[in-house]
There are 2 protein chains.
Amino acid sequence: MKSSERRMTVYDIAKEAGVSASTVSRVLTGNGPVNEQKKELVLKILEKHEFRPSSVARSLKARRSRSVGFIVPDITNPFFSSMFLEVETRLAVAGYTVILCNSESRRERELEILQMLMEKEVEVIVLTGGIVDDLFPQPKMLRDIEKINHRVPIMTLSKFPGVRCTQAYSDEKQGVFDIVRHFHEEGHRKIGMIGGQMDVRQAFERKIYLLEAVNQYGMECRSNWLVEEGFSMQGGTRAMEKLLSLPERPSAVFAYNDVVAVGALSVIEKHGLKLGRELALAGMDGISLTESIYPGITTVAVDYAAFSDYVVEFVMNQGKGEQYKEDRVFPMHLICRGTTNVNRDAVHPVR
Amino acid sequence: MKSSERRMTVYDIAKEAGVSASTVSRVLTGNGPVNEQKKELVLKILEKHEFRPSSVARSLKARRSRSVGFIVPDITNPFFSSMFLEVETRLAVAGYTVILCNSESRRERELEILQMLMEKEVEVIVLTGGIVDDLFPQPKMLRDIEKINHRVPIMTLSKFPGVRCTQAYSDEKQGVFDIVRHFHEEGHRKIGMIGGQMDVRQAFERKIYLLEAVNQYGMECRSNWLVEEGFSMQGGTRAMEKLLSLPERPSAVFAYNDVVAVGALSVIEKHGLKLGRELALAGMDGISLTESIYPGITTVAVDYAAFSDYVVEFVMNQGKGEQYKEDRVFPMHLICRGTTNVNRDAVHPVR
DNA sequence: CAATAAAATGAAATCGATTTCAATAAAACG
DNA sequence: CGTTTTATTGAAATCGATTTCATTTTATTG
C-alpha cells in the first residue's frame with residue numbers, strides 16, 4: 001500500500017504499448033484516428049492497469065474543470081439538501097462533480113467560499129439563499145459578486161436585485177399572499193411571523209410581503225408578533241415560545257420556512273393548543289417533512305423540479321452562447337394540511 | 001462579460017512587475033526569499049488584478065488536490081447532512097474543498113463515484129454507509145475497493161469487515177441492545193422492526209442485533225414484524241402502515257434509523273394509538289429532528305463530534321505516515337423521549 | 001580588503017494529458 | 001508508374017504554477 005509509488009501516466013502506457021503518448025491520448029479521448037490493432041493493444045494495456053487519466057492535468061489543458069460549486073447556508077436544511085440532491089444527481093450523469101459549501105449565512109464566509117471556488121476553477125457557481133447582496137448592499141459587496149461573476153458564471157437561486165447574474169427564484173410574494181389568504185379564509189385575523197434574520201434580504205422580503213398581505217386583507221399584525229431567531233428548527237422553537245409567552249398573541253403564524261415551522265409545531269403541541277383553531281401555522285418551501293409528520297404542516301411549495309432543471313440546463317449551456325440571462329420566476333403552490341385545517345379531526349380519528 | 005478573455009497568469013503579473021514568474025510564485029507561496037520592495041510591488045499588482053493562482057495548475061505540480069470526496073447514500077437524510085456539515089465546515093477552515101456525491105444506495109452508482117473521485121485525484125474518499133461490501137461480498141467488489149484504496153486512501157464510516165481500509169463506526173450492537181433493554185424495562189415484550197434494505201449490510205446487521213437482543217431478554221419477535229421498505233421517511237410510513245394492519249402486532253418498534261422513525265410516528269399518531277403505552281417507537285442515529293418534534297423520539301445517538309474529528313484528523317494526516325489504521329469504534333448513547341416514555345404525560349400537559 | 005557566507009533572482013524543467021504540426025506510410029487516381 | 005489524397009504517427013508545445021539550479025548580488029567575517 002505504498003503511496004510513494006509514482007502515478008501511472010500516459011507515457012508509461014505508451015512505452016508498454018510501444019507507441020507514443022499522443023496515440024494513447026487519441027485512444028483515450030477518441031480524437032484523431034488510430035490504427036485498429038494499435039488501438040486494441042492500447043486498450044488492453046489501459047484495462048490491465050485500470051488506468052484513469054488524471055482529470056487535474058486534463059482540466060489544466062482543456063481549461064474545463066467539469067465541476068461546479070454549490071453554496072448553501074446550511075445543508076442540514078431539507079430544502080437545500082433536496083435541491084442539492086436533485087441537482088447533483090443530474091449533473092453527475094453528465095460527468096460533473098459538485099463541490100458543496102456551507103456558508104452558515106455569514107457574509108465573510110460566503111465571500112471566502114466564492115474566492116475558493118473561483119480558484120478551483122469551477123465552471124459555474126450556484127448560490128442558494130446567498131446573502132452577498134445584503135439587505136442594504138454596500139457598493140463593495142455588489143462589486144465583489146459582479147467581479148467574480150465576470151470570471152465564472154454565477155447562478156443564484158434567490159433574488160439579488162440589481163446584480164448582473166443569472167437568477168432563478170420563486171414568486172415568494174405570491175406564496176406569502178396565498179398563505180395569508182388561506183389564513184383569512186379560515187377565519188384568522190391576527191397574524192404573526194417567526195424565523196428569519198435581520199440582515200438576510202430574503203427574510204426581510206418575506207416579512208414585507210406578509211405585512212402587505214395582512215394589510216390588504218384587513219388583518220392585524222403587531223410588531224412584537226414578529227419574532228426572528230434565525231432559520232433553524234431550534235430557532236423556530238425559541239421563536240414560538242417567545243410568541244406564546246406574550247399576553248396577547250396572534251391566532252395564525254407564518255413561519256419563515258418549513259424547518260422553522262417544524263420547530264414551532266412542537267411548542268404548540270407541548271402547550272396543548274388546538275392546532276388550526278387556537279393556533280394555525282404555515283411554513284414555506286414544501287419540504288417532504290411537512291407531509292411526513294402528523295398533522296401535516298401547511299406550506300407553499302417551491303417547484304424543485306423546475307429549479308433543478310434550470311440549474312442543470314444553465315450548467316450544460318456554459319461556454320455556448322450567453323452568459324447572463326433574464327431572471328426566471330417560478331410560481332409557488334399552496335398545500336393545505338393539518339396545521340391550518342380546523343376540520344382535520346373530522347378526517348382523522350381524534351387523538 | 002466576455003469569458004473569451006484569457007485567464008491571467010503569474011507571467012502576466014511578472015511582466016507587469018518587471019520580475020520573473022518565479023519571484024511572483026515565491027511571493028504567492030512564501031517559499032524562498034524575496035526582496036522586500038519587490039515583494040510589495042508584486043503584492044500591489046496581485047491585489048490590483050485580484051489575481052488568484054489556478055488551483056488546477058497548482059494541484060498538478062504539487063500532486064495534491066486539496067479536495068476530498070464524500071459519498072452518502074442520500075444527503076436528504078439528516079444523519080448524513082449533519083455529518084457532512086461538521087466535516088465540511090472543519091475541512092474548509094483547513095483549505096480543503098469537499099465533493100459530495102449521492103450513491104442512492106446503489107452499488108453500480110457507488111463504484112462509478114469511486115472511479116470519478118479517483119480521477120479527480122481527491123486526497124481522501126469518505127464513504128458513509130457504503131454498500132460496496134455488499135451483504136455477501138463478491139470477490140470482485142472486495143478487489144475493487146482495495147484496488148481503489150491502494151491509490152487513494154478510503155475511510156469508511158460504517159463497518160466493512162475484511163476490507164483493508166480505515167474504518168470508523170458506532171458500536172451498533174451496543175446501541176440496539178440499549179434500546180431493547182429500554183423497551184424491556186418499559187414493560188414491552190413484543191418487538192418489531194421497520195426500515196432497511198435487503199442487500200445493505202448495515203441494515204442486515206442491525207436486524208441481527210435486534211434478534212439477538214430480543215432473544216437475550218426473552219422477548220418475542222415474529223418474522224412478519226420485520227418490515228423493510230428502505231431508509232426514507234416515506235418508507236417508514238409504509239412500513240408502519242403494514243405493521244399496524246397485521247391482526248397481531250408488537251407493542252414496541254425499533255426503526256432502522258431516525259428518519260424511518262419519523263415517518264412511522266405520523267402513522268401511529270394518525271391511528272390515534274397511545275405512544276409509549278400502546279405502541280413504543282425508537283430510532284437510531286440521534287438526528288436533531290428527534291428532539292424537535294413532539295413528542296420527542298427515543299433514539300440511540302452516534303457521537304457526531306467524535307466522527308467528524310476523526311475524519312478531519314485522518315484527512316490532515318494524509319501523506320504523513322500510515323495509510324491504514326485500526327478500526328475505530330465509538331459508543332452510542334441512548335436518549336429516552338416521548339415515544340417510549342409512558343410517563344410523558346405527567347411531564348407535559350395532556351394534549 | 002579579500003574571502004566566505006547568505007540572500008535574491010531568473011531560466012528552464014516539471015507535473016500529466018492534449019493538441020498542433022510536420023513527417024511518413026498507405027491508398028487512390030489519372 | 002508518378003502524383004495526389006488520406007490515414008497514422010510521434011516530437012514538441014501547451015495549459016499555469018512551482019521548484020530546482022546556477023548565477024549574481026549583498027552582507028559578514030577574519
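Hydrogens, waters and symmetry mates are skipped; everything else that's a heavy atom, side chains included, is used. Sequence lines set the chain letters: A, B, ... in the order given, protein chains first and strands last, and positions in each chain run from 1.
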Can you list the residues that meet the side chain to side chain donor-acceptor pair (under 3.5 Å) rule with [X], with sequence neighbours excluded?
| X | value |
| --- | --- |
| A:Ser25 | none |
| B:Glu121 | A:Arg7, A:Ser54 |
| B:Ser55 | none |

How would you list, by chain and number, every residue that makes a ring-ring contact (aromatic ring centres under 6.0 Å, His included) with [X], sequence neighbours excluded?
| X | answer |
| --- | --- |
| B:Phe330 | B:Phe307 |
| A:Tyr96 | none |
| B:Tyr169 | none |
| B:Phe84 | B:Phe70 |

message: Which is more 5' along DNA chain C, the nucleotide nearest B:Val19 or the one nearest B:Leu60? Just name the residue.
response: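 Taking each residue's closest nucleotide, the earlier one in sequence belongs to B:Val19.
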- request: Heavy atoms of chain A, cut-off under 4.0 Å: which first and last nucleotide of DNA chain D, 5' to 3', fall inside that, if you could look?
  value: D:dT8 to D:dG16
query: Counting only non-hydrogen atoms, which of residues 22-41 of chain B are less than 4.0 Å from DNA chain C?
result: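 Result for residues 22-41 of chain B: B:Ser22, B:Thr23, B:Arg26, B:Pro33, B:Val34, B:Asn35, B:Lys38, sorted by number.
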query: B:Ser67 and B:Ser65: side-chain donor and acceptor closer than 3.5 Å?
result: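 The criterion, which ignores hydrogens and geometry beyond distance, is satisfied for B:Ser65 and B:Ser67.
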- line: Applying the Watson-Crick and G-U criteria (both distances under 3.5 angstrom) with [ ] for crossing and | for other-strand pairs, one obtains for DNA chain D ||||||||||||||||||||||||||||||
- request: Give every residue pair that meets the salt bridge (Lys or Arg N to Asp or Glu O under 4.0 Å) criterion with at least one member in residues 56-75 of chain B, sequence neighbours excluded.
  value: B:Arg64-B:Glu123
Please set out all donor-acceptor pairs under 3.5 angstrom arising from side-chain atoms of residues 37-48 of chain A, sequence neighbours excluded.
from: A:Lys48; atom 1: NZ; to: A:Glu16; atom 2: OE2; distance (Å): 2.7

